Colleague: 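I'd like to ask you about the structure that follows.
A note on names: the letters A, B, ... follow the listed sequences, proteins ahead of strands, and every chain is numbered from 1. Basis for what follows: all heavy atoms, side chains included, without hydrogens, waters or symmetry-related copies. None of the values given here were measured: they were computed from a predicted structure.
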Protein chains: 2
Amino acid sequence: MAPSSATRPARERLLTAAGELFYESGIAATGVDAVLARAGVSPATMYAHFAGKDGLVAAYLEERHTTWRQTWDAVLAGYRDPVDRLLSVFDAVGRFRQQQGNRRGCAFLAAATELPPGHPGQRWLEADSRLLTGRLHELAVAAALPDPADVAATLLLCYDGALSGYARAATTPGLPGDDPVGRARRLAAGWIATRTG
Amino acid sequence: MAPSSATRPARERLLTAAGELFYESGIAATGVDAVLARAGVSPATMYAHFAGKDGLVAAYLEERHTTWRQTWDAVLAGYRDPVDRLLSVFDAVGRFRQQQGNRRGCAFLAAATELPPGHPGQRWLEADSRLLTGRLHELAVAAALPDPADVAATLLLCYDGALSGYARAATTPGLPGDDPVGRARRLAAGWIATRTG
DNA sequence: GTCTATACAGCGATAGAC
DNA sequence: GTCTATCGCTGTATAGAC
């Protein structure tokens, strides 16, 4: 089992705390103090591990990107049918949300609003967009669909729409339209069906 | 024509400056000083018109909500066909972006990430979601489509996906998939066609 | 590597005059 | 209504000891 919170290294505790607070409350609105308090780490220790708050933010986004890619990898490995593989992005995001206990929308799109142009975390926002479009494009080619770039862009649109649905639900409870990911998957599957026929 | 920047009242200049800076650089990352400098207004004047930064943020979101609704109203008035009226949300968002010179995604979804739970601006985030779902639901009923709630949720998903596309493009230039709103409109139109047949 | 204590800056907000 | 000047807090980052 996982080591107790007291024995885990400070760096890991910091990343866990940062992941929860940055995702839940926003990056700019979350002070370093709050991360330190939740991690049970002193300021000096944090600055020994990360290049300031910006470095911590970048490390948070990198870890999230890596975990998301691994989750998608694992889901993808379970599918052989080319269309199932294309639609696996929706199954993966469902599993990812369950694993992480996520309540809000896409952490990378949220960070895109908050980070200034030269921020070191920008790299991972680009990595997220390129992973999604690149892999969806490959899977569209493997499925022998016409215009794979259009397929990738349309599926990305469904993916973003689904995650935005969670962001709306978080601020406006009681909004109609549950299960955004399921709805996005059905929408994408129906659209693909019109292109394979 | 519009009065020169020097003669416009301080309140209007503040709202214009706030709209540009909050939307472009994020709410939490934008200091009151920056808004004051751009508007050419002194601190005391701002606090005479708004209840602090929170009040200014709420006024910014309210004005944006009103302008967006008016833009949609104007576009909607030009359509008679029920399906065109349903799809008018995409034409309206295209026009709104052109009017405002917007570069990023949805201001309300972005604010949803940044504002803390009790913030006075939260009201306008809810208003945005309810305007979209409520009106789309009405238009689906008017179009005599089955399961209007599902129609509204699916079109909202396309709408959010389109705006997220702009957010991605703003951070990752050179990303494939131009014209997210056009793509969303085609996707939605095709989906509706499968339900009317 | 990790802590306590502190320096320093930026920002939100106010006082008081005109 | 609007200005100049300034207060006080919050938050980032560092110094120095253990």
Side-chain angles (χ1 to χ4, degrees), chain A residues 3-61 111 113-122, chain B residues 3-61 111 113-122:
Chain A
S4 83
S5 128
T7 58
R8 288 174 64 216
R11 186 190 163 86
E12 282 183 30
R13 299 208 310 274
L14 283 167
L15 277 176
T16 301
E20 293 165 350
L21 291 173
F22 287 156
Y23 178 76
E24 201 63 30
S25 309
I27 293 172
T30 301
V32 173
D33 289 4
V35 179
L36 294 173
R38 177 176 275 243
V41 168
S42 70
T45 302
M46 197 212 89
Y47 286 97
H49 284 285
F50 300 98
K53 181 178 179 176
D54 287 355
L56 180 62
V57 169
Y60 147 66
L61 292 170
T113 313
E114 301 207 68
L115 302 192
H119 196 283
Q122 289 280 0
Chain B
S4 83
S5 128
T7 58
R8 288 175 64 216
R11 185 190 163 86
E12 283 184 30
R13 299 208 309 274
L14 282 166
L15 276 176
T16 301
E20 292 165 352
L21 291 172
F22 288 156
Y23 178 75
E24 201 64 31
S25 309
I27 293 171
T30 300
V32 172
D33 290 2
V35 178
L36 294 173
R38 178 176 275 244
V41 168
S42 69
T45 302
M46 197 213 88
Y47 286 95
H49 285 285
F50 300 98
K53 180 178 180 177
D54 287 355
L56 181 60
V57 168
Y60 146 66
L61 292 170
T113 314
E114 301 206 67
L115 302 191
H119 195 283
Q122 289 280 359

Colleague: Could you check how far NE2 of H119(B) sits from C1' of dG12(C), rounded to whole Å?
Modeller: 13 Å
Colleague: Quick check on dT14(D): is either OP1 or OP2 less than 4.0 Å from any side-chain nitrogen or oxygen of Y47(A)?
Modeller: no
Colleague: Within this structure, what is the NZ-to-P distance between K53(A) and dG10(C), rounded to whole angstrom?
Modeller: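 Taking NZ of K53(A) and P of dG10(C), I get 15 Å after rounding.
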Colleague: Hey, are the side chains of M46(A) and V35(A) touching, using non-hydrogen atoms and a 4.5 Å cut-off?
Modeller: no
Colleague: Do Y60(B) and L21(B) make a side-chain contact, defined as non-hydrogen atoms from C-beta onward lying under 4.5 Å apart?
Modeller: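 With C-beta onward as the side chain, the pair stays apart.
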Colleague: Round to the nearest Å and state the distance from M46(A) atom CE to dG11(D) atom P.
Modeller: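 Value for this atom pair: 14 Å.
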Colleague: How long is the line joining CG of L21(B) and P of dC11(C), in whole Å?
Modeller: 12 Å
Colleague: Kindly indicate whether the side chain of L61(A), heavy atoms from C-beta on, has any atom under 4.5 Å from the side chain of L115(A).
Modeller: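 In contact.
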Colleague: Quick one, V32(B) and P43(B) - any side-chain contact, counting heavy atoms below 4.5 Å?
Modeller: no
Colleague: Nearest heavy-atom pair of I27(A) and K53(A): which atoms, and what distance?
Modeller: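 Looking at all heavy atoms of both residues, the closest pair is O-NZ, 3.1 Å.
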Colleague: Between N or O atoms, less than 3.5 Å apart, protein on one side and nucleotides 1-3 of chain D on the other: list the pairs.
Modeller:
unit_1, atom_1, unit_2, atom_2, d
dT2(D), OP2, H49(B), NE2, 3.0
dC3(D), OP2, S42(B), N, 3.0
dC3(D), OP2, S42(B), OG, 2.9
dC3(D), OP2, T45(B), OG1, 3.0

Colleague: Measure the distance from CG on L36(B) to P on dT14(C) and round it to the nearest whole Å.
Modeller: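 Whole-Å distance recorded here is 14 Å.
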Colleague: Take atom CG of D33(B) and atom P of dT14(C), then tell me their distance rounded to the nearest Å.
Modeller: 15 Å
Colleague: If you define the side chain from C-beta out and look only at heavy atoms, does anything of V41(B) sit under 4.5 Å from H49(B)?
Modeller: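 No, too far: nothing below the 4.5 Å cut-off.
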Colleague: What is the separation between atom CG on D54(B) and atom C1' on dC11(C), rounded to the nearest whole Å?
Modeller: 13 Å
